Amino acid sequence: MNILLSNDDGVHAPGLSALAQALSDVATITVVAPDRDRSGASKSLTLDRPLHPQRLLNGFFSVDGTPTDCVHLALNELMSVSPDMVIAGINAGANLGDDVLYSGTVAAAIEGRHLGKPSIAISLAGRGDHYNTAALIVKQVLAGAHRLNVPPKTILNINVPDVPLNEIKGIQLTRLGHRAPSDRPIKMQDPRGRDRYWIAGVGQMQDAGEGTDFFAVKAGFVSITPLQVDMTNYDVFDEIRSWLESV
Ligand code: MN
């Protein structure tokens, strides 16, 4: 099996090397990742300048672009053999609920799927003590992947509790939960007294009941949420259609 790995935490992130190392005995791995932390890059593409991929001593490709740039470049140009699958991660921190809209990890997986490859986003929900747990979960998922027929335009978003493998309770199929809006930006001053703003952390969990990704991870389970890109709200069609008749 040939696998493309990418991430949004950057080519030097510990989660990426943990994943590359764990998979190296079951697959041929190509790593193409941003040259720095691009968490929160979402699905952005770099359009205002050319990209400059560099091969590092460990064989990883470092790209001065976004996670989406990396997967786009890897699948279209850098890889001589087209991969069987794209895996993004292991992200430092959860990608639950609304996080998926901001996440570069999820975006990298979506780009993989957009270009026709089965794709997985994998995140470690915690401080980053047990990347090995998430890496072993990916291995377990891959071992059964040939029996799973994920439809086109669908990726698997996997979140793993940051605990030793023997403390994982199991794997739950979940839906996305929902966060409250995040806190206001933190206002500060630079050394010259000018106002600066640091966008603050994530919002509190709001829709986090049973069945959600939040609930599963909090209860010690691995969460797997199938994600699709179609954000159309079909439920509101009738309402808008009748409104249009009066406009
Ligand atoms: Mn990240």
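Keep in mind that what you see is a predicted model, and the values were worked out from it rather than measured. Numbering of ligands and ligand atoms starts at 1, following listing order.
- In terms of heavy-atom proximity, Gly112 sits nearest to Val71 at N-CG1, 3.6 Å.
- With a 6.0 Å radius and a threshold of 12 heavy atoms from other residues, nucleotides or ligands, Leu148 has its CG atom above the threshold.
- Shortest non-hydrogen contact noted between Ala125 and Val217 is CB-CG1, 3.6 Å.
- Looking at Asp8 and the Mn ion (ligand 1) together, the shortest N, O or S contact belongs to OD1.
- Residue-level check: among N/O/S atoms of Asp9, OD1 sits closest to the Mn ion (ligand 1).
- With a cut-off of 2.8 Å, the Mn ion (ligand 1) has no N, O or S atom of Thr105 in range.
- Side-chain contact, Asp69 with Thr46: a donor N or O sits under 3.5 Å from an acceptor N or O.
- Among the backbone and side-chain atoms of Asn91, an N/O/S atom is found under 2.8 Å from the Mn ion (ligand 1).
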